[in-house]
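The figures that follow rest on heavy atoms only: side chains count, while hydrogens, waters and symmetry mates do not.
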Amino acid sequence: MTGEAGPDAGLHGGADPGDGRRGDTVAAVVRQWQAVQPGLDTGPMEIIGRINRCAALLQQAEDAPLRRAGLSRPEFDLLGALRRTGHELTPGDLARETFSSGAAVTKRLKQLTERGLVERRGDTRDRRVVHLRLTDAGRDLVDGILPVQLAYETAVLSGLDGPEQGELAALLGELLSQLEGRLGVLRT
């Protein structure tokens with residue numbers, strides 16, 4: 001995380017053998033682009049490409065404990081949102097909490113309800129509104145999986161020491177905060 005001179009440091013074969021990025025797939029792509037278009041600024045690709053590649057690999061790896069419990073990541077996210085907020089939520093609330101579409105939430109909730117992990121309660125004032133909460137089985141499942149999931153994620157990140165993890169978390173937090181504030185503007 002530290003000691004890099006610039007956006008292409010370590011990408012041209014002269015990297016320190018201990019540099020974990022020397023052989024990453026994004027470095028290979030960047031080298032290919034620089035070979036055909038030497039003046040191209042690949043700095044953004046080096047960051048966003050690595051974030052995307054890490055996300056894809058982490059998605060595959062981090063779901064192992066969830067798969068063993070018979071859950072997908074999106075299902076666990078819904079259960080986790082119900083658990084961490086500590087109160088009933090509507091499907092719309094869950095969509096916002098999990099950054100999911102309403103249709104996806106509805107489909108997942110149907111499956112989780114059928115499995116006895118979530119229960120639905122109609123609103124007494126508006127029949128169109130449904131309130132959702134975890135069943136005891138749902139709460140027990142989340143409480144049992146979360147420590148295993150966090151231990152797994154700790155193992156996945158074990159190649160970075162504590163300060164590196166803190167630095168990475170802070171940088172990603174800053175990027176996320178900026179993107180959440182500007183994404184609507186960037187889409188136009």
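The shortest side-chain heavy-atom distance between Leu94 and Asp77 does not fall under the 4.5 Å cut-off. Annotation: side chain of Arg133 is not in contact with side chain of Arg121 (no heavy-atom distance under 4.5 Å). For the pair Asn52 and Ile48, the minimum side-chain heavy-atom distance is below 4.5 Å. With a 4.5 Å cut-off on side-chain heavy atoms, Gln32 and Val36 do not count as touching. Put simply, the side chain of Leu71 reaches to within 4.5 Å of the side chain of Leu141, judged on heavy atoms.
Of the possible donor and acceptor atoms, one in the side chain of Thr106 sits under 3.5 Å from a partner among the backbone N and O of Gly102. Gln165 places a side-chain N or O within 3.5 Å of a backbone atom of Leu160 that can act as its donor or acceptor partner. Panel note: side chain Glu164, backbone Asp161; a donor-acceptor pair is recorded below 3.5 Å.
Taking every heavy atom of both residues into account, Gly70 and Glu75 meet most closely at O-OE1, 4.0 Å. Shown here for Thr90 and Leu132, the closest heavy-atom pair between the two residues is C-CD1, 4.0 Å. Closest heavy-atom contact between Arg83 and Leu134: CB-CD1, 3.7 Å. The shortest non-hydrogen separation linking Arg53 to Val26 is CB-CG2, 4.5 Å. Of all the heavy atoms in Ala69 and Ile145, the pair that sits closest is CB-CD1, 3.2 Å. In terms of heavy atoms, Gln34 sits closest to Thr42 at NE2-OG1, 3.1 Å.
Both Leu150 and Leu79 are part of a single hydrophobic cluster, where members link through side-chain heavy atoms under 4.5 Å apart.
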